[in-house]
Engineer: 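Just dropping this structure here.
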Amino acid sequence: MSTENQSTQNPVVLEQGPQKLIERTAFALKEAEKILELGKAGVREKVAEASSFDAVQHSAHGLAWLATTVEGLRQMQTWANRLSEEDIFGTFEQLLLAAAFGEYLAQISGGIPMTQCEIIRPSALGIKTRDIRAYEDAVADLIADGSHDLVKARIADLIAEQPNVTTFGNTGLDEMLTEMREQMFRFSEAEVVPHAHEWHLKNEYIPLELVNKIAELGVFGLTIPEELGGLGLGKDTMCVVSEELSRGYIGVGSLGTRSEIAGELILHNGTDEQKEKYLPKIASGEILPTAVFTEPNTGSDLASLSTRAVKDGDTYTVTGQKTWITHPVRADLMTLLVRTNPDEKGYRGLSMLLVEKPRGTDEDPFPAEGMSGSEIEVLGYRGMKEFEISFDGFKVPEGQLLGGVEGQGFKQLMNTFEGARIQTAARAIGVAQCAMDIGLKYALERIQFGKPIYKFPRVANKIVSMAVEIMICRQLAYFSARQKDEGKRCDLEAGMAKLLGARVAWAAADNALQIHGGNGFALEYPISRVLQDARILNIFEGAGEIQAHVIARRLLEDKG
């Protein structure tokens with residue numbers, strides 16, 4: 001059945017009215033939360049029986065995905081309540097809510113995709129069949145109504161009516177943030193989108209002229225306090241800005257990541273002198289920082305880090321190798337994680353150095369004594385370039401020790417991970433939205449069998465799914481940002497936002513390429529770049545498996 005044959009019919013969820021829909025989703029959310037509690041108990045029992053967390057990794061990670069799915073629904077419910085209270089819970093938003101619940105409620109009992117080939121099912125979490133049957137009976141009607149073809153068809157029609165809109169559905173953000181989004185969207189459309197694919201294909205740096213324009217917009221100092229040269233805004237603003245710049249090109253959206261990490265490290269851990277020296281220059285873009293943490297043989301296992309910094313008088317001498325360092329050639333400041341105490345194994349012997357360096361060029365990338373490197377050629381995520389770096393007798397003044405106290409490096413770094421993962425979730429949303437934009441445009445313009453391919457439900461439904469999941473990811477990321485801004489611990493929520501965002505971005509890019517058919521496989525089409533860019537999101541800032549591991553451990557800390 002084509003979408004045009006269904007568009008005149010009204011889905012049940014609309015006929016019952018917005019308040020009834022919110023009541024139904026609130027009830028279903030409680031049922032989903034019951035399953036989550038059963039899953040926690042089941043996995044906790046499995047861990048106890050195995051006497052090893054790693055031995056039940058599939059189940060434990062599945063619990064993380066179940067909790068993330070439920071949290072996504074919880075934040076959609078909060079979003080719907082807020083829009084309803086403000087009397088802006090319109091038809092499109094109602095349909096998104098119904099579709100989100102229809103799909104994710106079904107996944108909870110039928111199987112949640114952790115990756116394309118790994119599905120977590122309730123039995124793996126120790127949840128009894130009778131409990132799943134009771135859950136399915138309780139939410140069956142909402143699953144049926146929310147996933148009905150009429151819902152998908154109506155969403156598809158509403159999307160087609162506004163193909164160039166900034167967001168598909170009211171995001172629930174305030175006027176200031178909405179205006180900020182529009183500003184960044186216009187900037188990206190004018191300055192980034194026309195050039196992004198060429199930068200990617202030629203593996204070129206994002207031009208410094210554009211970097212300077214981004215600096216003038218205040219992107220590098222969004223969350224740095226005003227008294228230290230920044231704008232003093234919240235992580236929610238960072239989300240919106242990162243989304244829209246990444247929507248244009250992930251490389252541009254990621255320029256602010258290094259400033260965000262360095263700024264947060266120095267703001268919360270630096271001496272007064274270090275804050276006053278570096279933060280205003282980071283905020284203005286005068287200083288471009290880069291994070292130098294990862295080593296060839298450590299990956300996510302930072303406790304095994306071996307790069308040494310030996311103190312001799314008032315100077316540290318650094319020796320070791322680092323890898324997957326983003327944008328180091330043009331950076332002026334490195335946040336360098338090193339081992340200052342070889343007798344302290346694990347995390348305790350690590351320290352963070354603030355290392356100044358001259359900017360390099362392609363011809364002479366690292367014009368500093370004791371420092372060399374080579375480029376890592378990558379599939380996507382270009383525009384800043386990745387490098388392996390070697391330090392051999394590289395000198396750093398002792399005054400560059402972050403906070404002035406050794407042994408605090410790991411703790412200092414961990415405190416930045418919440419913000420970094422929220423920002424990465426926002427970048428993932430931007431990439432997913434970019435994929436949707438490109439896929440939608442192609443589907444509306446590509447004529448096959450006498451009509452646009454968007455008229456075929458299998459094509460339109462891919463776009464609909466993107467719109468629904470992007471809104472879920474947005475609400476989860478914004479919630480994490482608000483938690484962070486309120487000073488609350490949010491490593492769990494930030495991790496969930498990043499975990500789900502990465503999956504949704506990859507799915508959106510993959511499906512948008514599928515919409516292009518053979519053309520999507522051609523390098524000349526931008527969707528080929530977006531697919532490559534999307535793939536990194538499930539690896540950096542905490543690989544999906546590591547992220548799920550951390551989430552599961554946090555969930556099981558709660559004995560309730």
Side-chain angles (χ1 to χ4, degrees), residues 196-208 210-211 249-259 261-262 287-302 304-310 316-339 350 352-396 400 409 413 420 424 523 529 532-543:
H197 202 54
E198 182 180 4
W199 296 334
H200 166 81
L201 291 176
K202 294 182 178 179
N203 191 28
E204 292 181 342
Y205 278 115
I206 296 164
L208 282 174
L210 181 64
V211 176
Y249 182 33
I250 190 174
V252 174
S254 298
L255 280 169
T257 305
R258 269 129 291 283
S259 295
I261 291 172
I287 284 180
L288 296 179
T290 187
V292 186
F293 307 145
T294 309
E295 295 186 358
N297 296 317
T298 61
S300 299
D301 183 15
L302 292 177
S304 300
L305 187 141
S306 60
T307 295
R308 288 280 287 112
V310 179
Y316 286 100
T317 300
V318 180
T319 304
Q321 284 74 45
K322 296 289 185 177
T323 193
W324 294 112
I325 309 306
T326 304
H327 211 207
V329 172
R330 297 199 299 188
D332 310 290
L333 180 70
M334 298 183 291
T335 50
L336 175 61
L337 190 63
V338 295
R339 186 169 296 281
L350 303 181
M352 190 75 69
L353 298 177
L354 303 175
V355 182
E356 297 181 11
K357 61 170 283 295
R359 288 191 184 184
T361 63
D362 281 337
E363 295 73 28
D364 186 12
F366 301 108
E369 186 176 349
M371 182 181 181
S372 60
S374 58
E375 184 180 354
I376 303 170
E377 295 187 6
V378 292
L379 280 172
Y381 192 57
R382 299 174 178 178
M384 294 179 290
K385 300 192 179 182
E386 304 292 321
F387 276 79
E388 291 183 335
I389 299 177
S390 294
F391 297 98
D392 185 9
F394 183 75
K395 305 295 184 181
V396 182
Q400 299 304 107
L413 183 59
T424 300
L523 291 179
R529 176 193 83 243
Q532 294 172 69
D533 288 343
R535 190 60 190 87
I536 192 62
L537 288 159
N538 201 34
I539 298 174
F540 65 14
E541 297 295 344

Engineer: Relative to each other, are the rings of F366 and F387 parallel, tilted or perpendicular (30° and 60° limits)?
Structural biologist: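 Rings of F366 and F387: perpendicular, as their planes differ by over 60°.
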Engineer: Could you give the distance from CG (L413) to CG (L350), rounded to the nearest 0.5 Å?
Structural biologist: 9.0 Å
Engineer: Please round to the nearest 0.5 Å and tell me the distance separating atom CE of M334 and atom CD of Q400.
Structural biologist: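 M334 CE to Q400 CD: 10.5 Å, rounded to 0.5 Å.
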Engineer: In sequence, state the C-alpha distance, the side-chain angles, and the governing distance for L208 and R359, and then conclude on side-chain contact (heavy atoms from CB on, under 4.5 Å).
Structural biologist: CA-CA 12 Å; L208 282 174; R359 288 191 184 184; 4.0 Å; yes
Engineer: If every non-hydrogen atom of D533 is compared with every non-hydrogen atom of I536, which pair is closest and at what distance?
Structural biologist: O-CG2, 3.1 Å
Engineer: If every non-hydrogen atom of Y205 is compared with every non-hydrogen atom of H327, which pair is closest and at what distance?
Structural biologist: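 Nearest pair, atom of Y205 first, then H327: CE2-CD2, 4.0 Å.
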Engineer: Just wondering, do E356 and D332 contact through their side chains at under 4.5 Å, heavy atoms?
Structural biologist: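 Answer no - side chains too far apart.
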Engineer: Measure across T335 and A262 and return the closest heavy-atom pair with its distance rounded to 0.1 Å.
Structural biologist: CG2-CB, 4.0 Å
Engineer: So, for L305 and R339, which heavy atoms are closest and what is the spacing to 0.1 Å?
Structural biologist: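 Answer, listing the atom of L305 first, then R339: O-NE, 2.8 Å.
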Engineer: As an exercise, state the distance from OG of S254 to CZ of R382, rounded to the nearest 0.5 Å.
Structural biologist: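 One gets 14.5 Å once the value is rounded to the nearest 0.5 Å.
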Engineer: Does a donor on one side chain sit under 3.5 Å from an acceptor on the other, for K395 and T317?
Structural biologist: yes
Engineer: Output the distance between atom CE (M352) and atom CG (L337), rounded to the nearest 0.5 Å.
Structural biologist: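 One finds 4.5 Å between CE of M352 and CG of L337.
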Engineer: Does S259 have any side-chain contact (heavy atoms from CB on, under 4.5 Å) partners at least two apart in sequence or in another chain, and if so, which?
Structural biologist: F220, I282, P289
Engineer: Could you check whether any side-chain N or O of K357 sits under 3.5 Å from a backbone N or O of A331, counting only pairs where one atom can act as donor and the other as acceptor?
Structural biologist: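 Yes; judged by distance alone, with no hydrogens or angles, the pair exists.
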Engineer: Parallel, tilted or perpendicular: which describes the rings of Y381 and F540, with under 30° parallel and over 60° perpendicular?
Structural biologist: perpendicular
Engineer: Going through the distances and angles, do D362 and E375 end up as a side-chain contact (heavy atoms from CB on, under 4.5 Å)?
Structural biologist: CA-CA 10 Å; D362 281 337; E375 184 180 354; 5.7 Å; no
Engineer: Let me confirm one number: the CE-CD1 distance from M384 to I206, rounded to the nearest 0.5 Å.
Structural biologist: 5.5 Å
Engineer: For L201, what residues pass the side-chain contact (heavy atoms from CB on, under 4.5 Å) criterion, not counting sequence neighbours?
Structural biologist: H197, L523
Engineer: Give a yes or no on whether the backbone of Q321 and the side-chain of S390 come within a donor-acceptor separation of less than 3.5 Å.
Structural biologist: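 No: the side chain of S390 does not pair with the backbone of Q321.
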Engineer: Heavy atoms only: give me the nearest N203-K385 pair and the separation to one decimal.
Structural biologist: O-CE, 3.2 Å
Engineer: Could you tell me which non-hydrogen atom of P328 sits nearest to which non-hydrogen atom of I389, and how far apart they are?
Structural biologist: CB-CD1, 3.8 Å
Engineer: Counting only N and O atoms by type, is there a donor-acceptor contact under 3.5 Å from the side chain of E295 to the main-chain atoms of S306?
Structural biologist: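 Pair found, side chain donor or acceptor close to backbone of S306.
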Engineer: Under 4.5 Å between any side-chain heavy atoms of T326 and T257, yes or no?
Structural biologist: no
Engineer: How long is the straight-line distance from CD of E204 back to CH2 of W199, given to the nearest 0.5 Å?
Structural biologist: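 Those atoms lie 9.5 Å apart.
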Engineer: Could you please spell out the steps behind the side-chain contact (heavy atoms from CB on, under 4.5 Å) verdict for F394 and L353?
Structural biologist: CA-CA 12 Å; F394 183 75; L353 298 177; over 6 Å; no
Engineer: Identify, with sequence neighbours excluded, every residue that meets side-chain contact (heavy atoms from CB on, under 4.5 Å) alongside D392.
Structural biologist: none
Engineer: Under the 3.5 angstrom rule, does the side chain of R258 hit a backbone N or O of L288 as a donor-acceptor pair?
Structural biologist: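 No.
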Engineer: Heavy-atom distance under 4.5 Å between the side chains of L336 and Y316, does that happen here?
Structural biologist: no
Engineer: Between the main-chain N or O of A420 and the side-chain N or O of E541, is there a donor-acceptor pair closer than 3.5 Å?
Structural biologist: no
